[in-house]
Amino acid sequence: MMDKTFNPQDAETRIYEAWEASGAFQPVDDDNAEAFSIVIPPPNVTGRLHIGHALNNTLQDVLVRYKRMLGCSVLWQPGTDHAGIATQMVVERQLAEEGQMSRRDMGREAFIERVWEWKAESGGQIMTQLRRLGASCDWSRERFTLDEGLSKAVMKVFVQLYKEGLIYRGKRLVNWDPKFETAISDLEVENLEVDGFMWHFKYPLAGGRTYTYVEKDEDGNVVLEEERDYISIATTRPETMLGDGAVAVHPDDERYAPIVGALCEIPVGPKEQRRLIPIITDEYPDMNFGSGAVKITGAHDFNDYEVAKRNNIPLYRLMDVQAAMRADGPSYAECAAQAQAIAKGADLPSEAEVDAINLVPEDYRGLDRFEARKKIVAAISEEGLAVMTEDEQGNAIPLVEKKKIQQPFGDRSGVVIEPMLTDQWFADAATLAKDAIAAVEDGRTTFHPKTWEKTYFEWMRNIQPWCVSRQLWWGHRIPAWYDADGNVYVAESEDDAKAQAGGKALTQDEDVLDTWFSSALWPFSTLGWPDDTKEVKRFYPTSVLITAFDIIFFWVARMMMQGLHFMDEIPFKDVYIHALVRDEKGQKMSKSKGNVIDPLEIVEEYGADALRFTLAAQAGQGRDIRMSKERVEGYRNFGTKLWNAARFCEMNECVTPADFDPKSVTRTVNQWILSEAASTVKAINAGLDGYRFNDAAAAAYRFVWNVFCDWHLELAKPLLQGEDEAAKAETRATTAYVLDQALKMLHPFMPFVTEELWSQTGQRDTQLITASWPVLEGLDNAEATAEIGWLIDLITDIRRLRSELGLEPKDRYMVNVLGHDDVTSSWAQNYRAIICRLTGTHMSVLHPAQELSEMAEGGSAEFPASRCTIFIQLPSKELFESVKSSLQTKLKKLDGEIMRLEKKLGNEKFVANAPAEVVAEQREKLEDYASQKTKMGEALERLQGM
RNA sequence: GGGCGGUUAGCUCAGUUGGGAGAGCAUCUCGUUUACACCGAGAGGGUCGGGGGUUCGAGCCCCUCACCGCCCA
């Protein structure tokens, strides 16, 4: 005898190992089988399984198992990426904790060796954790972005793009992370609104020049007119004033028109060397914001950078790699003089020469940027060059607005990102994006839900050059070498580079590539490219990429660009974008909020199947999923329900004979459940084919619980326990057969419990994981569906009446059913026993000839139902009153419906315009209601007479 | 500021060419009849955010307002 419940803790590991050992996770080697492939969006090698991974991988596994059972040759390609910053951070932290030398002290080679040791020991734990979920990846093909083969792909791609002019090196403004001392991508920057200040400073005009400053309101009335010898500038970052190259005003701004072209003085630094900068016009300043005039610091602000480029304004870098104020180079006096010459019209020197100019005065050199800010604000205020306002007491104070400001933070370091002018390698993303955009436009790749294509297009059409270099050690070192003169040689190997350089001594570029550079190649590099492998031929393009929307830019976009460029074909046909998992209150889960639900804890407590089913059932195509334990518990219960259904089958010796043909079944109940199973398979197929995981899960759930368990098993009991051996045999066979189909249908969602039941409920040729997906053709049976549907309605009606009338459950009451026609009369007759059993009543079947009034006189109340009338013998006279009120309530409801339908059908326009079948449907309904009303009325009348 | 999405039962959410408002959980009542109390039977509960429009007919299409969320500046 089977246990009462499934014990996931005991079974899951055993089952998983059996699957893996059997080779079920590997694609079948059959050229006739359709290929189906998914590459896992590679998690960080430092990653731990969180609930988002659980959802992502559950959905992949559902599809993979479904396709495998359909007979496809399925490859689910697993692996991890090397996560440059994250991994380096983990290992550096570990070194610090162990009190060992720092990364820099131990040197590049030793450090990298150390990272590999870390990886061998504790990297890629998420791959083990995925096994707990039941993920059926082909582990024999696990890849890592720094593997030899994948690295070869990276080198090839870099060199080729360089040769094509799609990768270049240059000095550009990039997001600089001062903690990790590397450039990071736009996508790794999180813009947060924080409390900040807006300071207002006076930039005095050169030579004591003055002008009339006039401010007007919207109607053109003058509200302020005064002589000024300065221009007022608002800034949230005073420390960058040192690097100002100009002040810009809008060309339409009349307030400043008189001084455009003039020079003004930056009010910081030693008095003797105050720098003068020009007042220029540019479309960028917003006339209605602040004073309307903005300082231009091209080397430390992205907007300013653009303005500076347009207007040939020099870019003065003020900070070092740790975002401290520069302490290098010649004296401030010397540098300021150089800058002054440029402002006064000297030719703009080369980039490198400008970069060598350090405009940080000695007083501020080496200070942290925020320290420098404080000192600079204090100095300006002291000098009287702050714009003043009055406090509540009327005292003059510097104008400092408290303001919410957008500040960029590194998503890993958490420190404020500094726009920084540095030498970096860039990929020409705009060019690469063209094909990637076209491929989605013409439908070679389709997003599901389609609406995400808008997001994809939006980003791709405004894409910026992709900074691919990182100032890290852990990663693919950029295959570029320099000779003593700074000439660059890009080649796949040092030998090639040397050959190019004519044997000159070379040093390799210190930087590594962005991790995403290698991830972008994942859909083909994992298959063996650039080698011409059979996997590339068979499994590229992959079938679908499953990921969350926040990753569209990271993976989808980049894989599309590289896939199209190097394979000349899309990397995946479909992109399914799933929701984000939030907590039960809809909050994003985060460690700091303490609302993180650990999927492994859920697995521990409820089993992997429950977690998987919960995620799949909630994977509607919305934006997020709210996760709660109650929900998981509910689906755990569902697994138990299935378990007990199987246990019931076992107890009743249900097995499917080898020669069982479901089409030959003759008993209506059996025909009916086969028909229901067939329509359920259709619904699940439709759901999974359309990435409607929740629809598929709901169909399976409803079938197993509300159809098979609630009705089929109950209706089958008399047959299974009865004397009719032929009926018993057929029912046993059918029930076992249907249970098998249910196990198959549920297997993609709940692989463990279904596999366990599969092995416990019969002699099997194969594991369930490799069994064939149900094909239930020719089993639809409308007659059986109508008949059992009628029976179910009747039983439900009688149960409701018993409950409404408050009849004692332990007492058995006499119930009679009068069929309104020969068909229902015989149904009532045939199902007499089961109706009694499921309603807890005694029952006889009336013949139409019998007088209704006789029944009434016999103490029975009458209730019209579907195609029949139910009589219930009441134990007391008082109950007739509640029968009356029950009938009256129903009559009222009916009247309402009838009125609504009559009005509708009385509307000529409706009859004229609506499709004929809709009109006919409404007519039928009206007739049905009307006849019900008549019967109710008659029943009531008879009751009144008593 | 630009873009996207949401607002349906107490809660979480489905609702795919416009034609009977649904599920799970929660609540209430009843019940231990040998598959299952991680269960069974029954019930209550919604002006589908507000307003306007198109239509014979709108949760669904259009306009508008409000509120909430996300992404990008």
Side-chain angles (χ1 to χ4, degrees), chain A residues 1-2 4-6 186-187 190-191 286 289 302-303 406 449 451-455 457-459 462 549-550 552-553 579-580 582 584-588 606-607 610 614 617-652 654 686-687 690 692 694-695 697-698 701-702 705-706 709-710 713-714 717 720-721 795-810 812 837-840 897 900-901 903-915 917-919 921-922 925 929:
Chain A
M1 171 95 95
M2 288 169 59
K4 262 196 153 181
T5 56
F6 173 59
D186 303 355
L187 297 171
E190 215 175 346
N191 284 295
D286 178 352
F289 187 80
F302 285 96
N303 289 312
Q406 290 285 329
T451 176
W452 287 110
E453 289 179 4
K454 286 182 201 161
T455 304
F457 286 138
E458 184 63 24
W459 194 70
N462 296 299
F549 71 82
D550 54 343
I552 291 176
F553 309 137
L580 287 187
R582 297 170 183 278
E584 51 199 316
K585 295 188 198 79
Q587 305 274 322
K588 208 167 173 172
Y606 300 101
T614 306
Q618 289 194 270
Q621 300 190 335
R623 284 237 165 179
D624 39 61
I625 289 179
R626 299 198 189 190
M627 189 69 193
S628 72
K629 282 197 171 186
E630 289 76 40
R631 197 91 190 216
V632 182
E633 193 178 299
Y635 291 119
R636 187 271 321 263
N637 295 352
F638 173 63
T640 307
K641 187 75 181 174
L642 175 71
W643 182 268
N644 277 288
R647 187 162 172 265
F648 172 85
C649 291
E650 186 205 38
M651 290 165 75
N652 286 279
C654 295
R692 294 174 167 275
N694 57 322
D695 285 353
Y701 182 97
R702 199 193 82 86
W705 200 316
N706 303 112
C709 291
D710 284 353
L713 295 185
E714 295 303 330
K717 275 177 188 172
L720 292 170
Q721 292 152 13
I795 290 169
T796 307
D797 277 342
I798 296 173
R799 283 170 170 173
R800 180 167 51 240
L801 288 169
R802 285 196 61 142
S803 170
E804 275 176 8
L805 296 173
L807 302 181
E808 286 297 323
K810 53 183 178 296
R812 294 181 85 85
R837 180 180 177 130
L838 296 184
T839 58
E897 284 302 298
R900 196 177 59 83
L901 286 170
K903 195 173 153 201
K904 199 169 190 177
L905 287 161
N907 183 340
E908 284 168 29
K909 286 181 179 169
F910 170 70
V911 180
N913 293 322
E917 63 266 25
V918 173
V919 178
E921 206 178 293
Q922 304 287 317
K925 211 180 286 175
Y929 287 156

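Residue numbers begin at 1 in each chain, while the letters A, B, ... track the order of the sequences.
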Shortest non-hydrogen contact between A:A617 and A:N694, atoms and distance: O-CB, 3.3 Å
Going by the rule salt bridge (Lys or Arg N to Asp or Glu O under 4.0 Å), which residues pair with A:E897 if we only count those two or more places apart in sequence or in a different chain? A:R900
Short heteroatom pairs, N/O only, protein and nucleotides 16-25 of chain B, under 3.5 Å:
{"from": "B:rU16", "atom 1": "O4", "to": "A:D695", "atom 2": "OD2", "distance (Å)": "3.4"}

Check the distance between B:rA41's P and A:D797's CG and give it to me in whole angstrom. 15 Å
Quick one: A:E453 CD to B:rG5 P, roughly how many Å, whole number? 13 Å
Sorted by chain and residue number, the side-chain contact (heavy atoms from CB on, under 4.5 Å) partners of A:F457 (sequence neighbours excluded) come out as A:I437, A:V440, A:E441, A:E453, A:R461
For A:T451 and A:K909, take the nucleotide of RNA chain B holding the closest heavy atom to each; which residue's nucleotide lies nearer the 5' end? A:T451
Quick one: side-chain contact (heavy atoms from CB on, under 4.5 Å) partners of A:K717, sequence neighbours excluded? A:F648, A:E714, A:Q721, A:R837
A:N191 side chain near B:rA73 phosphate (N/O to OP1/OP2, under 4.0 Å): yes
When you compare B:rC70 with B:rC13, how far apart are their P atoms, in angstrom units rounded to a whole number? 14 Å
Between A:N644 and A:C709, is the side-chain contact (heavy atoms from CB on, under 4.5 Å) condition met? List the steps. CA-CA 9 Å; A:N644 277 288; A:C709 291; over 6 Å; no
How long is the line joining CG of A:L905 and C1' of B:rG57, in whole Å? 12 Å
Under 4.0 Å between a side-chain N or O of A:K454 and OP1 or OP2 of B:rG5? yes
What integer distance in Å separates A:R799:CZ from B:rA41:C1'? 6 Å
Between A:N637 and B:rC39, is there a side-chain N or O to OP1/OP2 distance below 4.0 Å? yes
Quick one: side-chain contact (heavy atoms from CB on, under 4.5 Å) partners of A:K903, sequence neighbours excluded? none
Can you tell me, in whole Å, how much space there is between the C1' of B:rG6 and that of B:rU12? 14 Å
Round to the nearest Å and state the distance from A:F553 atom CZ to B:rC70 atom C1'. 11 Å
Less than 3.5 Å apart, which donor and acceptor atoms pair up between the side chains of residues 634-643 of chain A and the rest of the protein, not counting sequence neighbours?
{"from": "A:T640", "atom 1": "OG1", "to": "A:R636", "atom 2": "O", "distance (Å)": "3.2"}
{"from": "A:W643", "atom 1": "NE1", "to": "A:D3", "atom 2": "O", "distance (Å)": "2.8"}

Would you write the dot-bracket representation of RNA chain B, where each base gets (, ), [, ], | or . depending on whether it forms a Watson-Crick or G-U pair under 3.5 Å and with which partner? ((((((((.[[[[.)...(..]]]].(((((.......))))).....[[[[[..)....]]]]]))))))).
Once you round it to whole Å, what is the distance between P of B:rC70 and CG of A:L187? 18 Å
Can you list the residues that meet the side chain to side chain donor-acceptor pair (under 3.5 Å) rule with A:N907, with sequence neighbours excluded? none
Taking the side chain as everything from C-beta on, heavy atoms only, tell me whether A:W459 gets closer than 4.5 Å to A:L187. yes
The contact string for nucleotides 28-35 of chain B, one letter per nucleotide 5' to 3', using protein heavy atoms under 4.0 Å with B, S and - for base, sugar-phosphate only and none, comes out as --SS--SB
Could you work out the separation of B:rG59 and B:rC48 based on their C1' atoms and round it to a whole Å? 5 Å
Describe the nucleic acid contact of A:E908 in one word from base, sugar-phosphate, nothing, applying a heavy-atom distance below 4.0 Å. nothing
Using the P atom as the point on both nucleotides, what is the distance between B:rC61 and B:rG5, in whole Å? 11 Å
pair A:F549-A:T455: side-chain heavy atoms closer than 4.5 Å: no
Would you say B:rA41 has OP1 or OP2 under 4.0 Å from some side-chain N or O of A:R800? no
With rounding to the closest Å, how many angstrom separate the P atoms on B:rA43 and B:rG24? 13 Å
Could you state the CD-P distance from A:E190 to B:rA73, rounded to the nearest angstrom? 13 Å
Expressed in whole Å, how much space separates the C1' atoms belonging to B:rG1 and B:rC63? 23 Å
C1' gap between B:rU32 and B:rC38, integer Å: 16 Å
Whole angstroms only, please: what is the CZ-P distance between A:F638 and B:rC36? 18 Å
Taking B:rC72 as the reference, what is the distance to B:rC39 when you measure between their P atoms (whole Å, please)? 44 Å
Show which side-chain atoms of residues 800-809 of chain A pair as donor or acceptor with protein atoms under 3.5 Å away, not counting sequence neighbours.
{"from": "A:R800", "atom 1": "NH2", "to": "A:D797", "atom 2": "OD1", "distance (Å)": "2.4"}
{"from": "A:R802", "atom 1": "NH1", "to": "A:T839", "atom 2": "O", "distance (Å)": "3.3"}
{"from": "A:R802", "atom 1": "NH1", "to": "A:G840", "atom 2": "O", "distance (Å)": "2.5"}
{"from": "A:R802", "atom 1": "NH2", "to": "A:E808", "atom 2": "O", "distance (Å)": "2.8"}
{"from": "A:R802", "atom 1": "NH2", "to": "A:D811", "atom 2": "O", "distance (Å)": "3.0"}
{"from": "A:E808", "atom 1": "OE1", "to": "A:K810", "atom 2": "NZ", "distance (Å)": "3.3"}

Touch check for A:T796, heavy atoms < 4.0 angstrom, all strands: base, sugar-phosphate only, or nothing? sugar-phosphate
Salt bridge (Lys or Arg N to Asp or Glu O under 4.0 Å) filter on A:R799, not counting sequence neighbours, yields none
Hits for side-chain contact (heavy atoms from CB on, under 4.5 Å) against A:A914, two or more places apart or cross-chain, chain-then-number order -> A:F910, A:V919
